[in-house]
Amino acid sequence: MGGSKSKSIKKHAKVAFSDSELEILEVYFELLKCHDSLNGYLTQKSMVPEFPENPDFSIKLYNWMRERCKNQQIDYTNFVITLELLLKEQQEYYLSDYKFRVLEKFELFALISLGCLENEKEAINRFQVSYSQGSQVIKELLNMYYFNKEVTNSQRNDLAARSVANSIFDQKASLPFNQFIGQAKQQLIYANKMCKQYFTKKFIDPHLKYGIPTLTSSSFILNDQILALLQMSSPDFNRIKQLDLKFSSSVGYDDLEHITEIIIESQQPLLFIFRNREDETQNDTFQQQIFGAYISIDQTIETHFIRKQQKDPMGILYNPNDQVSLYFGDEKSFLFSLLPKYQLFMSTFDLKSKQCFGYINSRAFNLKVPQPYGLGFGGDGKGNFRIWIDENLKGNATNRINNSCDQTYEMGYLLEPHIEFLNLTSIEIWGAVFEEKDMRPSNQNKLRS
């Protein structure tokens with residue numbers, strides 16, 4: 001039933017927390033007081049040890065909670081009242097300030113991260129968020145995945161947060177709070193869910209599980225922040241437990257042969273990541289572009305001619321004389337840009353969609369069809385691809401980005417508008433693993449220098 005303090009709260013007011021939750025919160029409050037307290041009230045130092053992944057955020061959280069308290073002191077009652085906003089849904093609120101009841105969890109998190117102590121909705125919406133402040137909000141959001149682990153210097157990589165900020169601010173120095181939130185939620189559709197899970201795990205249920213996919217091998221491109229972005233943005237990627245490295249190359253002449261083999265044999269979704277450099281003489285991270293495609297593969301619905309042929313060599317389940325399709329993937333696929341801007345382009349669901357999710361054609365198929373040899377993503381099904389990688393990958397001017405024609409994915413610039421031809425410097429392909437029983441490295445990985 002909770003301790004005496006919890007009973008006192010329930011005696012005078014209805015609360016959203018159950019008896020067991022109140023008991024947990026009372027124990028946690030006493031733990032915080034052990035770190036530091038003054039006359040039974042929490043101090044800034046009380047919070048810091050409990051937030052090793054976000055120490056600066058812990059101080060801002062204390063200041064925000066203190067501002068919500070009528071006496072400017074965080075005792076147990078005020079502790080419960082402010083946590084009601086962070087842990088419960090809007091319809092469950094009983095004790096908290098009504099002015100904040102309309103705010104979603106990510107909005108509350110952003111207010112705390114920004115150090116905004118405004119109390120009125122209109123004042124909050126007018127609050128100006130600078131580019132650097134917005135980057136910090138995204139960075140602290142991504143740090144949630146390091147739960148209760150100190151972020152080491154080797155892990156401090158702000159590129160992911162800045163790439164989101166680049167997309168949100170679009171060269172503007174600042175944005176009103178409500179515009180910043182709207183843009184951020186368009187990019188990170190699971191931000192609200194992540195914030196609620198974070199606070200729930202922190203204050204109520206330490207056994208709640210969430211995390212980014214583990215990698216079976218090291219990556220020259222992927223890091224924890226990038227994985228967190230992808231997981232916070234896509235319904236399908238959100239379910240991935242592990243990424244199994246299938247292919248890593250600094251781009252060679254015969255790479256398409258190996259890529260073709262991986263695609264044809266894969267029974268799992270594939271994550272393609274490409275690094276492009278406009279000028280090879282420039283060794284500058286900001287001159288690089290990173291983009292890619294996540295191609296969801298449904299084993300029960302095959303569209304690629306060769307994949308169908310391998311599963312049914314006798315032609316029992318399909319007609320070998322059918323029109324040859326060299327496309328693969330399904331509607332859960334998407335394209336993305338990681339640098340310099342973070343953007344996702346989901347597949348479209350309208351009647352005009354051509355469903356050209358992924359394309360692969362190789363001379364090894366020995367098909368007498370007038371279709372190009374190479375790897376493609378998106379397009380109109382008539383040879384016009386959103387991304388096209390020619391069979392001769394290295395230094396070939398036909399590797400290109402087409403931003404003006406796509407009837408499969410949402411429109412928008414994958415790279416800067418002036419970039420049309422690609423100069424790829426590295427490629428990685430990862431297989432997505434969903435089930436725990438399949439959490440083991442593949443023995444068919446192809447790793448190349």
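Remark: Arg275 engages no residue in a salt bridge (charged side-chain N to carboxylate O under 4.0 Å, His left out) (not counting sequence neighbours). When the side chain to side chain donor-acceptor pair (under 3.5 Å) test is applied to Tyr145, no partner is found at least two apart in sequence or on another chain. Take Ser266 and apply the side chain to side chain donor-acceptor pair (under 3.5 Å) test, not counting sequence neighbours, and it matches no residue. Every residue two or more places apart in sequence or in another chain that forms a side chain to side chain donor-acceptor pair (under 3.5 Å) with Asp330 is listed here: Ser296. When the side chain to side chain donor-acceptor pair (under 3.5 Å) test is applied to Lys60, the partners found at least two apart in sequence or on another chain are Glu140. With sequence neighbours excluded, no residue forms a ring pair (Phe, Tyr, Trp, His ring centres under 6.0 Å) with Phe106. Applying the ring pair (Phe, Tyr, Trp, His ring centres under 6.0 Å) criterion to Tyr342, with sequence neighbours excluded, gives no partner residue. With sequence neighbours left out, the side-chain contact (heavy atoms from CB on, under 4.5 Å) criterion links Gln186 to Gln183. In terms of the side-chain contact (heavy atoms from CB on, under 4.5 Å) criterion, residue partners of Leu208 (sequence neighbours excluded) are, by chain and number, Gln197, Thr200, Lys201, Asp205. Every ring pair (Phe, Tyr, Trp, His ring centres under 6.0 Å) that Tyr28 has, sequence neighbours left out, goes to Phe203. In terms of the ring pair (Phe, Tyr, Trp, His ring centres under 6.0 Å) criterion, residue partners of Phe272 (sequence neighbours excluded) are, by chain and number, Phe377.
A donor atom on one side chain and an acceptor atom on the other are not found under 3.5 Å apart for Gln407 and Thr348. Between the side chains of Asp158 and Gln225, no donor-acceptor pair of N or O atoms lies under 3.5 Å. With hydrogens and angles left out, the side-chain atoms of Gln128 and Ser174 include a donor and acceptor closer than 3.5 Å. For the residue pair Gln171 and Tyr131, no side-chain donor N or O sits within less than 3.5 Å of a side-chain acceptor on the partner.
Residues Phe274 and Asn399 fail the side-chain proximity criterion, which asks for heavy atoms closer than 4.5 Å. Ile297 has its side chain within reach of Arg307: a pair of non-hydrogen atoms, C-beta onward, lies under 4.5 Å apart. Side-chain contact between Arg126 and Phe177 is absent, with no heavy-atom pair separated by less than 4.5 Å. Residues Leu335 and Leu344 fail the side-chain proximity criterion, which asks for heavy atoms closer than 4.5 Å. Considering only heavy atoms from C-beta on, Ser234 comes within 4.5 Å of Phe334 through its side chain.
Across all their heavy atoms, Ile74 and Met65 have their closest contact at CD1-CB, 3.7 Å. Considering all non-hydrogen atoms of both residues, Ile240 and Ala432 come closest at CD1-CB, 3.6 Å. Residues Leu245 and Phe247 share a closest heavy-atom pair of CD1-O, 3.5 Å.
One distance of note links CG of Leu86 with CG of Leu103; it measures 11.0 Å at 0.5 Å rounding. Distance check, rounded to the nearest 0.5 Å: CG of Asn125 to CZ of Phe180 gives 13.5 Å. For the atom pair CG (Asp255) and CD (Glu391), the distance works out to 12.5 Å, reported to the nearest 0.5 Å. Distance check: Ile387 CD1 to Phe385 CZ gives 11.5 Å after rounding to the nearest 0.5 Å. Going from atom CG of Asn166 over to atom OG of Ser135 covers 7.0 Å, rounded to the nearest 0.5 Å. Atoms CE and CD1, on Met194 and Ile189 in that order, are 14.5 Å from each other to the nearest 0.5 Å.
Ring orientation note: the planes of Phe29 and Phe79 are tilted relative to one another, at an angle of 30° to 60°. Ring-plane geometry between His304 and Phe328 is classed as perpendicular, the angle between the planes exceeding 60 degrees on a 0 to 90 degree scale with a lower cut at 30. Classification of the Phe57-Phe51 ring pair by plane angle, with boundaries at 30° and 60°, yields tilted. Using bins of under 30°, 30° to 60° and over 60° for the plane-to-plane angle, the ring pair Phe357/Tyr409 lands in the perpendicular bin.
Screening residues 165-192 for salt bridge (charged side-chain N to carboxylate O under 4.0 Å, His left out), with sequence neighbours left out, gives Glu104-Lys185, Asp170-Lys341.
Using a distance-only test at 3.5 Å, with no hydrogens or angles considered, no donor-acceptor pair links the side chain of Asn276 to the main chain of Leu422. Gln133 places a side-chain N or O within 3.5 Å of a backbone atom of Ser130 that can act as its donor or acceptor partner. Side-chain atoms of Glu428 come within 3.5 Å of backbone N or O of Phe220 as a donor-acceptor pair. Without hydrogens or angle criteria, Asn384 side chain to Asp380 main chain gives no donor-acceptor distance under 3.5 Å. Glu53 places no side-chain N or O within 3.5 Å of a backbone atom of Glu150 that could act as its donor or acceptor partner. A distance-only check finds a donor-acceptor pair linking the side chain of Asn423 to the backbone of Arg277 [under 3.5 Å]. Side chain of Asp406 to main chain of Gly379: a donor-acceptor pair is present (N/O by atom type, distance under 3.5 Å, no hydrogens or angles). For the pair Thr408 (side chain) and Gly378 (backbone), a donor-acceptor distance under 3.5 Å is absent. A distance-only check finds no donor-acceptor pair linking the side chain of Ser333 to the backbone of Gly329 [under 3.5 Å].
At a threshold of 4.0 Å, the pair Glu21-Lys88 counts as salt-bridged, since one of the basic side-chain nitrogens sits closer than that to a carboxylate oxygen.
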Decide yes or no on side chain to side chain donor-acceptor pair (under 3.5 Å) for Ser337 and Gln343, but give the supporting numbers first. CA-CA 5 Å; Ser337 169; Gln343 299 176 96; 4.7 Å; no
Stepwise, does the side chain to side chain donor-acceptor pair (under 3.5 Å) test hold for Asp36 with Ser46? CA-CA 5 Å; Asp36 194 62; Ser46 306; 4.8 Å; no
Using side chain to side chain donor-acceptor pair (under 3.5 Å), reason through Tyr210 and Gln231 one step at a time and then give a plain yes or no. CA-CA 11 Å; Tyr210 65 77; Gln231 191 161 48; over 6 Å; no
Dump the intermediate steps for side-chain contact (heavy atoms from CB on, under 4.5 Å) on Leu108 and Leu85, then the final yes or no. CA-CA 8 Å; Leu108 291 169; Leu85 283 170; 4.1 Å; yes
In sequence, state the C-alpha distance, the side-chain angles, and the governing distance for Ser113 and Gln136, and then conclude on side chain to side chain donor-acceptor pair (under 3.5 Å). CA-CA 8 Å; Ser113 179; Gln136 184 68 18; 5.8 Å; no
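The only member of Thr216, Leu227, Thr214 that meets side chain to side chain contact (heavy atoms under 4.5 Å, CB included) when paired with Leu243 is Leu227.
Checked against the 6.0 Å centroid threshold, Phe345 and Phe336 do not count as a close aromatic pair.
For the pair Lys202 and Phe147, the cation-pi criterion (under 6.0 Å, within 45° of the ring axis) is fulfilled. Geometrically, Arg66 does not engage Trp64 in a cation-pi contact defined by less than 6.0 Å to the ring centre and at most 45° from the axis.
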